[in-house]
*Asks:* 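My structure is below; once you've seen it, I'll send some questions.
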Amino acid sequence: MMRMQHQRVLATLVTALCLFLGAAIAQNANVRLVLAISPRELAGTLPGLIDQFEQEHPNIEIEWLQVPGVPGEQYSLYVNQFIANNPTPDVIAADVIWPAAFAANGWISPLDPYLTEGEADEFVPALIEAATYQDQVYAMPFYQNGVHLFYRTDLLEKYGFEPPETWEELIEQARTILAGERNPTLRGYVSMWDSIEGLTMNYLQFLWGAGGSFFDENGELAIDSPESIKALQTMVDMIHEHGVAPESILTYRPDDARTLFQQGRSIFMVVQGFVWPILTADDSLVKDDVAFMRVPYFEGFEDSRNVALGGWLFAMNSNSRHKEEAMELIRFLTSVESQALVAAESGNLPTRAGVDEDPALIAALGEAARGFEIFNRYGNVRPSAETGAHYPEVSQVIQDAVSRALHQRQTPEEALAQAAAEIKRILGQ
Amino acid sequence: MSRSSGWWLVLPACIIVGGTMLLPTLYTAGLSFFRYSPGGAGTNEWIGLGNYLRLLKDGMFGTTLYNTVLFTVVTIYIELTIGLGLALLLNRMFRGRGLVRLAILFPWALPTALTALMWRWLYNTDFGIINAFLLQVGLVDQPINWLGSVPMAMIAMMSVAIWKTSSFMALILLAGLQSIPGEIYEAAKIDGAAPWGALRYITLPLLLPTLLVSVILRSMDAFRTFELPLNLTGGGPVNSTEVISTYAYQRLFEYVDFGYGSTLIMSQFLILLALQLVYVRFYLGVTRK
């Protein structure tokens, strides 16, 4: 009797399962793509773009997976999906430092088989370089942003200064203004010097601006070079020797620096361009007294490419079951029209060469459009392509070394020598 | 009910516990003997005790172990003291006791990540309310760099943990206090015991089992602390608040170094296991007396 009942339950379950699977298969007549991207920095443009894409491709349905706005959290989320060999999300938005690491692990597909001849050349070369791993392109740039020097026009004018081109000028001006203002809550210089990716960007900007580079022309690690030591020594001196940067800068992430600057409490600030709309909004205390320019370099290195670029690119999950359709979506989102729309709404700069000459777009972007010229001429990318899967660890070693020097635990020379040894071990050199 | 139907009833629990706890633990233990990184660039190679040897030479593991132990010992000691004081206070009858009990539990009820972010703002050197207050009343003339200097960041982190968890200690201890019969105190009073003597010779000995349980629970929690350092300090400055959990997380999910990451987790697991065995022995000794 008992056994009979068991069989009946089993039969019911199997029938139910069959019905369920049947229904699921019937629904899949349409291709369903999962697109993972954070709503941050897109100013609400994505739903409209998705609608438009679905109208143009009636057989494709897009599901938007809204991921957290913090890049580190996105990174962990994607790594988890990839390790589990999940076929979704099909398309992800990747920070400019991720494609090489993801590619080295085989988690994202090379796009070369889907790209037409010369298609990759239509984008900003530095970003394609960051998306290239072992001669294959793995991602297509969606938008770019980079680091700017923001400064207080009113304070500089009051003391008769021209905006500083070099670090030497910036330090001198900050010292003079701080001494003249005698305002204990005013800071000379703020930036993101907490032990985060932003600190790596900051160090690299000092390094590049001193004529140095992460790897030399032979591909040898060069962070213990005299240029590198000079770069880091300058950062240390800005806190401990010149007193233009407060010690609290060592806990600052971009938004902390932005808050202080927006309260009118700092003369200079170096952070990413996304703060511009916030600083110039009506509720900003400095909205009429702020301007931005190229990040400073050291005297004599005017031609260095010293501005750290950031940006987001679209990549394709290598386990995706709909790669052709995924490529269609990527192509649509990185098209001139889509990029122009996103740029006009959010202030993020497009990545297609030539888009920056569109007069309508320049007008829509306003002052932010000046970023094009700065990034095109002086933009540089972090060594993520060269270090591949090891970039996160390499960047952490840099952050630790720079922090040790900034906290005066080690001299810049000692800190960088130790970092160089650690990075060589990580890269197996 | 037959014997076999009993087994059927506990089967779901066994599957859940086995599937979500036992198997992953064994899997992690297994991984710790491999050089393993999932993904195309990854390796997968049996290296025996290689990861454990690496652990012994890894200065960062030493640092995080030291930080973790320091954090655990100091916070538990202070939480226990404050918790006991609160529990004794709450055990008395006074007007509004229910309300006070509720209010005291508030910090404990907040999610840790939220607490950490909230305190990050309070501690902010340049626009945090703590420095604003200290400057206003003239206790300091320069803002204190709470989260950006050594050892202040660790002290700041411990303070948040103590603020948050003392109430939890108080709650457990309060339950213990309420299980002590009032007659014992009356008898002691008749025999002429001073209040201090009653605390020393009646309350504390009878409360000892409860004290031990709360120490066991809290030390496991504190030893595995993760959200607090992750969100408050990110392990900085110069790794002075980096703990084993955040270090292991970094190895596992940022560097995708599953072999060594698992080794870190296993070492944490084994230390906790040893600690619990000591506690349990001690606990049995106390309760059997």
Side-chain angles (χ1 to χ4, degrees), chain A residues 2 72-73 75-80 82-85 100-108 133 184-185 187 190 193-196 199 246-253 256-257 259-260 263 265-266 318 388-396 399-410 426, chain B residues 2 4-5 8 36-43 54 58-60 63 113 117 120-121 123-128 131-132 135 141-153 156 230-242 247 249-258 260-261:
Chain A
M2 203 52 186
E73 286 170 22
Y75 187 84
S76 306
L77 189 132
Y78 294 145
V79 167
N80 270 317
F82 292 146
I83 291 173
N85 284 324
F102 286 167
N105 281 306
W107 291 332
I108 54 176
Y133 181 73
T185 66
R187 309 279 178 253
V190 291
W193 285 12
D194 190 5
S195 182
I196 55 170
L199 183 59
E247 287 195 25
S248 53
I249 196 172
L250 300 172
T251 63
Y252 273 13
R253 300 173 186 184
D256 301 314
T259 306
L260 201 71
Q263 291 177 347
R265 292 175 53 192
S266 184
S318 49
H390 298 295
Y391 181 75
E393 199 172 354
V394 168
S395 177
Q396 186 66 51
Q399 291 162 35
D400 286 348
V402 173
S403 293
R404 285 196 302 273
L406 293 177
H407 281 274
Q408 295 189 304
R409 291 295 166 110
Q410 285 179 325
I426 292 165
Chain B
S2 72
S4 73
S5 63
W8 282 108
Y36 176 54
S37 169
T43 43
R54 179 174 163 195
D58 182 2
M60 190 63 186
T63 307
L117 292 176
R120 214 181 123 75
W121 273 91
Y123 278 134
N124 185 295
T125 310
D126 296 298
F127 42 86
N131 273 340
L135 287 167
D141 51 3
Q142 279 293 315
I144 298 174
N145 199 5
W146 295 106
L147 299 177
S149 60
V150 185
M152 198 48 98
L230 189 77
N231 292 297
L232 187 70
T233 58
V238 283
N239 300 325
S240 65
T241 57
E242 193 89 65
Y247 183 44
Y249 175 80
Q250 188 182 49
R251 279 277 147 199
L252 284 165
F253 294 108
E254 284 174 31
Y255 306 164
V256 209
D257 184 355
F258 273 41
Y260 191 56

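As the structure is a prediction and not an experimental result, all values here were calculated from the model. Below, chain A is the first sequence line, B the second, and so on; all start at residue 1.
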*Asks:* Side chain from CB out, backbone as N, CA, C, O: work out which of these in B/Q250 comes under 4.5 Å of a heavy atom of chain A, or both, or neither.
*Replies:*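 Interface part for B/Q250: side chain.
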*Asks:* Between A/Q263 and chain B, which part of the residue has a heavy atom less than 4.5 Å away: side chain, backbone, both or neither?
*Replies:*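 A/Q263 touches chain B through side-chain heavy atoms alone.
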*Asks:* What part of A/Y391 gets within 4.5 angstrom of chain B, counting heavy atoms only: side chain, backbone, both, or neither?
*Replies:* neither
*Asks:* For the CD atom of A/Q396 and the CG atom of B/N239, what is their distance to the nearest 0.5 Å?
*Replies:*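 Nearest 0.5 Å value for the CD-CG distance: 7.5 Å.
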*Asks:* Please round to the nearest 0.5 Å and tell me the distance separating atom CG of B/L147 and atom OH of A/Y252.
*Replies:*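 It is 11.0 Å, given to the nearest 0.5 Å.
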*Asks:* Restricting to salt bridge (Lys or Arg N to Asp or Glu O under 4.0 Å), what partner residues turn up for B/E254, sequence neighbours left out?
*Replies:*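 Salt bridge (Lys or Arg N to Asp or Glu O under 4.0 Å) check on B/E254 returns nothing, list empty.
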*Asks:* Would a 4.5 Å heavy-atom cut-off, applied to side chains only, mark A/V394 and B/Y255 as touching?
*Replies:* no
*Asks:* At what distance, to the nearest 0.5 angstrom, does CG of B/D257 lie from CD of A/E393?
*Replies:* 7.0 Å
*Asks:* Measuring from atom OG1 of B/T125 to atom CG of A/D256, what distance do you get when rounded to the nearest 0.5 angstrom?
*Replies:*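 Those atoms lie 9.5 Å apart.
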*Asks:* Could you measure the distance from the CH2 atom of B/W121 to the OG1 atom of A/T259? Nearest 0.5 Å is fine.
*Replies:*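 Nearest 0.5 Å value for the CH2-OG1 distance: 4.5 Å.
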*Asks:* Under a 4.5 Å heavy-atom cut-off, does chain B meet the side chain of A/R409, its backbone, both or neither?
*Replies:* side chain
*Asks:* Once salt bridge (Lys or Arg N to Asp or Glu O under 4.0 Å) is applied, do any residues pair with A/R253, and if so which ones, sequence neighbours excluded?
*Replies:* A/D194
*Asks:* Could you have a look at A/N85, A/L406, A/I426, A/L260 and say which one has the most heavy-atom pairs with chain B under 4.5 angstrom?
*Replies:*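 Option with the greatest count: A/L260.
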*Asks:* Within the distance-only criterion (no hydrogens, no angle test), does the side chain of A/R187 pair as donor or acceptor with the backbone N or O of B/D126 below 3.5 angstrom?
*Replies:*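 No, the answer is negative, given that no donor and acceptor are paired below the 3.5 Å cut-off.
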*Asks:* Using 0.5 Å steps for rounding, measure from the CG atom of B/L232 to the OG1 atom of A/T251.
*Replies:* 10.5 Å
*Asks:* Need one label for A/N80: side chain, backbone, both or neither, based on atoms under 4.5 Å from any heavy atom in chain B.
*Replies:* side chain
